[in-house]
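A short write-up of the structure that comes next.
Whatever order the structure lists ligands and atoms in, that order sets their numbers, starting from 1.
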Amino acid sequence: MNEFNYRYPVTVHFGEKSAAKNLPAELEKVGKNVLLAYGGGSIKRNGIYDELMTLLTAAGKTVTEFSGIMSNPTYAKVQEGARLAKDNCVDFILAVGGGSVIDCCKVVSAQAKTEADLWEMETVAHKTPTEFIPMGAVVTAFGTGAEMNNGAVITNTEKRVKGALWGAYYDFAILDPAYTMTMPMSQVISGSFDALSHCMETYMGSPRESNISDEINEAVQRSIIKNLRKTLENPQDIEARSELLWAAAMGENGILKLGKITDFQAHMLEHQLGAYTDCNHGQGLAVIHPVLYRHMLPEAAPQFARLAQNVWGIDPAGKSECDLANAFVDALATFIKEVGLPTTFAEMGIAEADFKAIADSTVLTAGCCKKFTKEELYEVLKECI
Ligand code: NZQ
Ligand code: ZN
């Protein structure tokens with residue numbers, strides 16, 4: 001294990017009816033003016049909006065709505081939210097949605113407290129904000145685990161960069177599996193794959209020898225694979241969804257990362273693909289992962305071989321480490337097809353993009369066992385077409 005400091009600031013309220021059970025007490029702790037943030041309107045169609053509005057009204061809150069937060073939220077949308085929060089003297093932000101709404105509000109909460117340009121502050125001056133409007137998250141889509149960390153993935157459309165800004169942690173997160181029942185099945189699948197990717201990217205970091213974090217990680221990966229299959233078989237299986245909801249949170253709450261330097265090279269590449277194409281995050285990862293992993297295979301063989309046996313149940317008898325590593329990448333690629341994820345950019349509707357510029361603007365990660373060059377990432381992208 002590498003050395004680490006661990007503190008976890010987010011209170012999690014998990015389970016059916018957890019908003020009705022826990023939101024009133026949480027709302028008592030915060031000020032009167034609430035910014036209710038949400039996406040394109042799914043919460044109005046599935047009843048979550050009405051339920052939360054009733055709770056907010058009963059708590060005597062004055063609500064300002066911040067709606068239309070898009071998938072792959074933009075820095076411009078962050079500025080819109082920050083202006084609303086300032087103009088309405090907002091004391092508390094309630095973010096209701098998937099990773100996009102939850103991420104956007106992390107930065108709104110900081111931007112509303114400063115006149116500084118947060119993008120410049122964080123990416124040029126390398127300073128992080130220190131003042132935030134308190135926030136709560138109501139998760140309606142699993143996958144990113146964004147509710148459990150303080151990193152926000154924001155697209156700066158002018159700079160053509162999709163990158164991390166560090167915002168606030170949520171004070172609490174409400175995770176009700178019933179709220180996820182109306183997720184489009186394509187989002188269930190891409191979100192689950194995103195969660196699996198977070199686990200793999202963490203696992204592939206260093207140290208390369210297995211430690212306790214990796215052993216927990218293997219269990220989370222097995223759970224995601226099993227419960228996505230169950231959900232596809234029976235979309236009404238709320239138990240399977242509840243497992244996916246918590247597995248996704250586990251992927252990004254830091255526990256699997258303890259004692260590790262993480263990899264996340266697939267994510268860095270996908271984020272830049274997103275900056276140029278606005279594609280779905282989990283789908284982009286599904287196309288990139290097997291191709292990138294074939295490039296990583298010689299260096300990553302010991303870890304891939306462990307995943308083959310401990311996650312994918314591949315019998316090691318008569319197989320070399322290299323055979324097992326290949327069998328892992330094959331199993332992953334087969335699973336991607338099995339669950340209906342795209343296997344090429346063409347299937348995602350990405351016919352053309354500036355792959356050279358995407359590769360050149362991708363962050364090279366320290367934890368990846370292979371030291372990729374931008375030229376090789378460009379090759380990876382071309383193989384994904
Ligand atoms: O906008 P609405 O109308 O709400 O519809 C959303 C959206 O269209 C819909 N949806 C969500 N819950 C629903 C629902 N539809 C019906 N019923 C429900 N219960 O799902 C669509 C996708 O939502 P979105 O929030 O965009 O998806 P996701 O959770 O995958 O978030 C993606 C964003 O998170 C970032 C991604 O890069 C992307 O920008 N990530 C954030 C991470 C983090 N902070 O830790 C880690 C990830 O690696 C990722 O990069
Ligand atoms: Zn992700």
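Residue-to-ligand polar distances keep I69 apart from ligand 1: every N/O pair is separated by 3.5 Å or more. For ligand 1, the polar-atom distance check against I43 finds no nitrogen or oxygen pair separated by under 3.5 Å. When only interatomic distances are considered, the shortest N/O to N/O separation between S42 and ligand 1 falls below 3.5 Å. Where the criterion is an N or O separation shorter than 3.5 Å, residue side chain and backbone included, G99 meets it with respect to ligand 1.
At a 4.0 Å heavy-atom cut-off, ligand 1 touches T182 through backbone and side chain alike. Residue contacts with ligand 1, taken as heavy atom pairs separated by less than 4.0 Å, involve N149 solely via side-chain atoms from C-beta onward. Of all the heavy atoms of N46, the ones lying under 4.0 Å from any atom of ligand 1 belong exclusively to the side chain. Counting heavy atoms closer than 4.0 Å to ligand 1, residue F142 contributes nothing at all. At a heavy-atom distance under 4.0 Å, no atom of K44 approaches ligand 1. Contact annotation for H198 and ligand 1: only side-chain heavy atoms (C-beta onward) come within less than 4.0 Å of the ligand.
The nearest pair of heavy atoms linking A249 to E147 is CB-OE2, 3.8 Å. Pairing each heavy atom of L165 with each of V107, the nearest pair is CD1-CG1, 3.9 Å.
Taking the six-membered ring wherever Trp is involved, the centroid distance between the rings of F142 and W246 does not fall below 6.0 Å. Checked against the 6.0 Å centroid threshold, F345 and F355 count as a close aromatic pair. Separation of the Y293 and F304 ring centroids falls under the 6.0 Å cut-off.
In K337, the NZ atom is not crowded: 12 or fewer heavy atoms of neighbouring residues, nucleotides or ligands sit closer than 6.0 Å. For K371, the NZ atom is densely surrounded, since the number of other residues' heavy atoms within 6.0 Å is greater than 12. Within 6.0 Å of atom CD in E120, more than 12 heavy atoms from other residues, nucleotides or ligands are found, so the atom counts as buried in its surroundings. The neighbour count for I212 CD1, taken as heavy atoms of other residues, nucleotides or ligands under 6.0 Å away, does not exceed 12.
E26 and H13 share a donor-acceptor pair across their side chains, judged by distance under 3.5 Å alone. No donor-acceptor contact under 3.5 angstrom links the side chains of H198 and N217, judged on distance only. For the 3.5 Å distance criterion, the side chains of K162 and N156 fail to qualify, holding no donor opposite an acceptor.
In this structure, NE2 of H267 and NE2 of H198 enclose an angle of 90° at the Zn ion (ligand 2), rounded to 10°.
The cationic atom of K260 (NZ for Lys, CZ for Arg) lies less than 6.0 Å from the six-membered ring centre of Y203 and within 45° of the ring axis. A cation-pi geometry, defined here as NZ or CZ lying under 6.0 Å from the six-membered ring centre and within 45° of its normal, holds between K382 and Y378.
The residue among V188, D103, N280 with a heavy atom at the shortest distance from atom 41 (C) of ligand 1 is D103. Distances from atom 43 (C) of ligand 1 to the heavy atoms of G68, A146, G145 show the closest one on A146.
Remark: distances from the non-hydrogen atoms of M70 to ligand 1 are all 4.0 Å or more. Between S197 and ligand 1 there is no heavy-atom distance shorter than 4.0 Å. Contact between P184 and ligand 1 is present, with at least one heavy atom of the residue lying under 4.0 Å from the ligand. Ligand 1 is approached by H271 to a heavy-atom distance shorter than 4.0 Å. Put simply, no part of G191 is less than 4.0 Å from ligand 1, judged by heavy atoms. The shortest separation from a heavy atom of K162 to ligand 1 is under 4.0 Å, placing the residue in contact. Heavy atoms of N72 approach ligand 1 to within less than 4.0 angstrom. Ligand 1 lies nowhere less than 4.0 angstrom from a heavy atom belonging to G143.
When only non-hydrogen protein atoms are considered, atom 25 (O) of ligand 1 lies nearest to S100 N, 3.0 Å. With hydrogens left out, the protein atom closest to atom 20 (O) of ligand 1 is Q187 CG, 3.8 Å, a heavy atom. Given atom 23 (O) of ligand 1, the protein heavy atom at minimum distance is S71 OG, 3.9 Å. Looking only at protein heavy atoms, the nearest one to atom 49 (C) of ligand 1 is H281 NE2, 3.3 Å. Taking atom 34 (O) of ligand 1 as the reference point, the nearest protein heavy-atom neighbour is T144 CG2, 3.4 Å. The protein non-hydrogen atom at the shortest distance from atom 12 (N) of ligand 1 is T140 OG1, 2.8 Å. The closest protein non-hydrogen atom to atom 1 (O) of ligand 1 is G40 N, 2.7 Å.
Close contacts of ligand 1 with G39, meaning ligand atoms under 4.0 Å from a residue heavy atom, involve 1 (O). Here is the list of ligand 1 atoms found below 4.0 Å of a heavy atom in H267: 48 (O). In the vicinity of K106, heavy-atom distances shorter than 4.0 Å reach the ligand 1 atoms 44 (N). Contact atoms of ligand 1 toward P73: 39 (O) (distance under 4.0 Å to a heavy atom of the residue). Of all atoms in ligand 1, numbered sequentially from 1 with element shown, those under 4.0 Å from a heavy atom of Y179 are 19 (N).
With respect to the salt-bridge test (charged N to carboxylate O, under 4.0 angstrom), the residues K86 and E115 qualify. Checked for salt-bridge contact, E338 and R229 meet the test: a charged N lies under 4.0 Å from a carboxylate O. Comment: D354 does not engage R160 in a salt bridge, judged by the lack of any side-chain N to carboxylate O separation of less than 4.0 angstrom.
In this structure, the separation between CD on E270 and CG on L285 is 5.0 Å, given to the nearest 0.5 Å. Expressed to the nearest 0.5 Å, how far OH of Y38 lies from OG of S100 amounts to 16.0 Å.
Shown here, atom 9 (C) of ligand 1 is out of close reach of the protein: none of its heavy atoms lies under 4.0 Å off.
Between the Zn ion (ligand 2) and the N, O or S atoms of D194, the shortest distance is to OD1.
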